[in-house]
Amino acid sequence: MKNYEGANIRNVALVGHSHSGKTSLASAMLFTAGATQRFGRVDEGTTVTDYDEEEVSRAMSISAATAFVEWGKTKINLIDTPGFNMFIHEAEMVMPAVEAALVVVDAVSGVEVVTERIWNYYDRVALPRVIVCTRTDRERADFNRVMESLVTAFGRTVVPVQLPIGSEKSFTGVVDLVKMQAYTYEMGGNGKSTVGPIPAALEEQAKAAHERLVELVAEGDDALMEEFFDKGTIAEEHIIAGLHNAIREDKIFPVLFASGLGNIGTDEVLDFIVDYMPTAVERGEVKAAATANNGEPAVRKISDAGPLSLFVFKTISDPFSGRISFFKVYSGVLKNDAGLQNFSRGSSEKFAHLSVMQGKTAVPVNELHAGDIGAVAKLKDTLTGDTLGDKGAPIQYPQVTFAEPAITFAIEPKTRADEDKLSNGIHKLMEEDAMLRFFRDAQTKEFLIAGTGQQHIEVIVSKLKNRYHTEVNLKAPKVPYRETIRGKADVQGRHKKQSGGHGQFGDCKIKMEPMPRGGNFEFVNEIFGGAIPKNYIPAVEKGIVEAAQRGFLAGFPVVDFRVILYDGSYHDVDSNELSFKTAGRIAFRKAMEQAKPTLLEPIMNVEITIPDEFAGGIMGDLNSRRGRIQGMDNKAGKTVVKAVVPMAEMLTYGTDLTSMTQGRGSFSMEMDHYDFVPALQQEKIIAAAKAERGEEVEVEE
């Protein structure tokens with residue numbers, strides 16, 4: 001494979017809602033460009049970017065995958081990302097690696113909930129976006145309806161640069177509104193178009209759309225605006241340059257039309273990427289996480305001339321090749337067998353056997369220039385989010401931050417042999433999945449696994465079985481309840497024990513009071529006159545903190561309370577840190593008895609998108625789940641319901657929603673806040689927790 005410099009590289013993420021056609025579009029582009037000899041299909045499990053056995057069996061993308069095409073003199077790196085709401089963190093993860101995104105929208109469904117979420121992610125970092133309406137050959141695909149959906153969701157700067165020729169099964173091509181030419185295709189053909197005049201039926205519509213496009217391009221450029229006023233139009237070469245700049249500056253979001261499965265319009269999508277989307281070096285300077293000597297963030301220009309630096313944006317754990325690190329070269333030229341410093345971990349790494357990935361296939365390369373994306377296997381210490389480069393020019397690029405996982409299960413190995421393999425398998429999966437957590441509950445001694453939702457955890461369990469030959473059982477999802485207080489207390493914690501020789505004595509008086517949500521814990525020392533020696537005061541706090549972690553009502557951590565230590569007494573011989581720690585624990589439990597303890601539960605922000613006919617049933621179901629409706633919107637024939645619902649009521653919602661809407665509904669949710677549990681539910685939770693843990697009775701003397 002030939003070497004490409006940054007000016008001839010385009011890095012593009014394919015993003016959008018699940019089943020909008022991203023993977024099929026990527027497959028069509030690879031086939032049209034000659035990168036593959038066979039047209040891959042999702043339903044047959046033969047696509048390049050959905051190669052994991054979990055993706056093949058479920059017919060959906062689960063992890064971001066890279067591929068590339070050589071189109072003319074340009075190399076296009078494509079990153080196909082998942083669209084299912086539980087895996088869209090993969091679309092966030094690849095942001096540092098790309099200069100633009102193809103936002104794939106189903107021409108029938110229009111803008112869906114996950115598409116909006118990803119759009120908002122990319123809006124925050126001003127990443128250029130081009131919209132591709134796919135599946136334009138499907139029944140009920142409609143140009144006017146999908147454009148209305150796009151403009152309603154994303155604003156007036158969404159503008160078509162193509163018109164579809166025909167609709168539904170008669171979709172045969174597109175009209176280019178810049179060149180004012182028609183491109184027609186053979187359904188299911190090689191993806192190469194036949195150029196001709198605009199069909200007479202579309203001439204008036206094309207002329208009006210062309211004028212609208214020219215006006216929008218001219219708006220952001222004084223020279224183009226002057227040309228437009230003088231001549232009433234803009235020369236084609238000026239439109240191309242103006243549109244390129246407007247896309248790069250995030251001022252215009254063009255709309256293209258295609259069919260991935262029919263392979264219609266894919267060569268025009270490739271041409272558009274080359275002609276209009278930003279090159280790898282047009283990103284300019286990249287800010288680092290660390291600051292320079294003057295206090296400003298350090299920056300590095302994307303250029304071959306600078307010192308070598310690269311950012312690892314994704315890691316996968318391959319059973320045969322080991323750990324594979326995907327990276328973006330930000331500056332300098334990376335050559336095979338280069339020795340680099342990992343600035344994130346302070347270790348050195350050797351980059352042997354450089355490659356670019358075509359799905360799961362590694363294509364060897366000798367060097368990679370600034371702006372390019374590559375992969376390397378078997379780095380010792382490097383993980384996702386690490387920065388590497390020349391030892392003499394340290395820099396560290398910022399990592400992408402993710403929300404915390406939304407659901408937790410208890411996990412236990414089926415056999416002793418599985419127990420020996422579980423930790424190793426889980427930690428390898430954690431290396432490649434930024435949203436996976438694995439930890440041990442100090443109270444229950446259970447191993448817990450946390451992820452974005454039930455299906456996410458099910459995928460992890462399946463990977464453990466198939467990839468690492470480890471079988472596990474999952475227990476019911478654990479809701480991360482908390483305990484808190486509503487009232488105040490003033491108590492004494494006194495610990496006295498005599499057993500011959502030195503005894504134990506600790507005595508403290510505390511006041512306990514509630515704090516606002518999110519306050520966690522505050523310890524205030526108001527001891528005067530040496531009632532308790534200073535060196536014993538931290539022991540009182542430690543005893544209270546440890547007791548709070550063990551909970552009072554049902555074993556959940558106690559939060560949002562303040563403790564004021566105001567008096568106490570000690571013994572010259574018998575007092576020690578352990579005695580005062582025990583006294584603090586006793587005082588805490590006495591205070592909790594007086595301070596009106598109660599439970600808190602996590603409340604989720606939920607957004608549900610369903611066809612209009614299901615709206616009434618969905619709202620009734622949310623009410624039965626103790627949900628509070630926050631609002632409703634209607635977008636292109638679909639109802640978007642926004643609500644806040646307790647997490648405990650949403651653990652199986654994905655399956656329930658599919659059943660209630662015949663598979664046509666989708667939802668997203670994220671943690672919002674904690675709130676009090678109603679008394680009836682609180683009694684059930686406490687009873688269940690005590691039954692599970694057994695009564696924990698602490699005997700104090």
Side-chain angles (χ1 to χ4, degrees), residues 6 9-15 63-68 75-82 87-103 117-129 248 250 277-291 297-303 306-316 324-332 334 340 342-345 349 351 356-357 368-376 379 382-389 393-403 431-435:
I9 295 172
R10 309 288 186 273
N11 299 310
V12 181
L14 278 74
V15 300
S63 179
T66 63
F68 66 91
K75 178 188 178 189
I76 303 173
N77 291 314
L78 300 170
I79 305 183
D80 181 21
T81 68
F87 303 107
I88 63 166
H89 56 276
E90 294 276 336
E92 290 182 84
M93 185 172 65
V94 304
M95 284 192 295
V98 298
E99 283 74 47
L102 285 179
V103 180
R117 285 182 64 187
I118 296 172
W119 186 279
N120 292 335
Y121 293 153
Y122 287 7
D123 227 16
R124 291 200 293 266
V125 295
L127 190 78
R129 280 144 283 166
R248 189 189 72 231
D250 230 26
M277 295 181 90
T279 69
V281 294
E282 281 185 301
R283 183 170 180 168
E285 294 179 330
V286 182
K287 284 188 177 181
T291 56
V299 294
R300 188 69 59 85
K301 186 176 181 180
I302 296 185
S303 166
L308 180 61
S309 69
L310 58 89
F311 180 78
V312 177
F313 65 89
K314 181 175 174 61
T315 304
I316 64 171
I324 300 175
S325 303
F326 292 77
F327 57 85
K328 166 82 170 283
V329 181
Y330 275 154
S331 59
L334 175 63
L340 276 68
N342 185 324
F343 302 124
S344 304
R345 302 184 187 276
E349 299 277 18
F351 277 57
V356 290
M357 300 299 289
L368 291 167
H369 290 252
D372 210 345
I373 291 172
V376 65
L379 297 183
T382 300
L383 295 173
T384 301
D386 288 357
T387 303
L388 298 94
I395 193 168
Q396 203 162 327
Y397 298 113
Q399 299 185 10
V400 178
T401 55
F402 301 101
E431 289 178 359
E432 64 180 53
D433 192 335
M435 291 298 286

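For this chain, numbers begin at 1 and follow the sequence in order. No experiment lies behind these values; they were computed from the predicted model shown.
- Note that the CD1 atom of I79 and the CZ atom of F68 stand 13.5 Å from one another [nearest 0.5 Å].
- Side chain of N11 to main chain of A280: no donor-acceptor pair is present (N/O by atom type, distance under 3.5 Å, no hydrogens or angles).
- In this structure the side chain of V329 reaches within 4.5 angstrom of the side chain of L308, judged on heavy atoms.
- Counting heavy atoms from C-beta outward, I88 and Y121 have side chains that approach closer than 4.5 Å.
- In this structure, the side chains of L368 and F327 come closer than 4.5 Å at one or more pairs of heavy atoms.
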Open item on the list: Between N77 and V98, is the side chain to side chain contact (heavy atoms under 4.5 Å, CB included) condition met? List the steps.
Closed with: CA-CA 9 Å; N77 291 314; V98 298; over 6 Å; no

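- Once rounded to the nearest 0.5 Å, the distance linking CZ of R283 with CD1 of I302 reads 5.5 Å.
- In this structure, V94 and A64 approach most closely via the heavy-atom pair CG1-CB, 3.9 Å.
- For the residue pair S309 / Y397, a side-chain donor-acceptor distance below 3.5 Å is found, with atom types taken as modelled.
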Task: Stepwise side chain to side chain contact (heavy atoms under 4.5 Å, CB included) test for I316 and F326 - done: CA-CA 8 Å; I316 64 171; F326 292 77; 3.8 Å; yes

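- Annotation: the span from R10 atom CZ to M277 atom CE amounts to 9.5 Å, rounded to 0.5 Å.
- Counting all heavy atoms, side chain and backbone alike, F343 lies closest to I395 at CD1-O, 3.1 Å.
- Put simply, the side chain of E282 never gets that close to the backbone of R248: no donor and acceptor are under 3.5 Å apart.
- Looking at heavy atoms from C-beta onward, Q396 lies in side-chain contact with S344 at the 4.5 angstrom threshold.
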- [ ] Might you work through the side chain to side chain contact (heavy atoms under 4.5 Å, CB included) test for I373 and F313, ending with a clear yes or no?
- [x] CA-CA 10 Å; I373 291 172; F313 65 89; 4.0 Å; yes

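- Scanning all heavy atoms of the two residues, the minimum distance from V281 to A370 falls at CG1-O, 4.4 Å.
- For the pair V312 and S325, the tightest heavy-atom approach, listed with the atom from each and the gap, is CG1-CB, 4.1 Å.
- E99 approaches T279 most closely through the heavy-atom pair CG-O, 3.7 Å.
- Between atom CZ of residue F351 and atom CG of residue L334 there is a gap of 6.0 Å, rounded to the nearest 0.5 Å.
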Task: Stepwise side chain to side chain contact (heavy atoms under 4.5 Å, CB included) check, D386 with L379 - done: CA-CA 12 Å; D386 288 357; L379 297 183; over 6 Å; no

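- Contact check for T387 versus Q399: no side-chain heavy atoms found under the 4.5 Å cut-off.
- At a threshold of 4.5 Å between non-hydrogen side-chain atoms, the residues R300 and P307 count as touching.
- Taking both residues in full, the closest heavy atoms of T315 and E431 are given as CB-O, 3.5 Å, listed atom of the first, atom of the second, then distance.
- Interatomic distance, E92 CD to R117 CZ, rounded to the nearest 0.5 Å: 8.0 Å.
- Interatomic distance, CZ of F402 versus NE2 of H89, reported as 7.0 Å (0.5 Å rounding).
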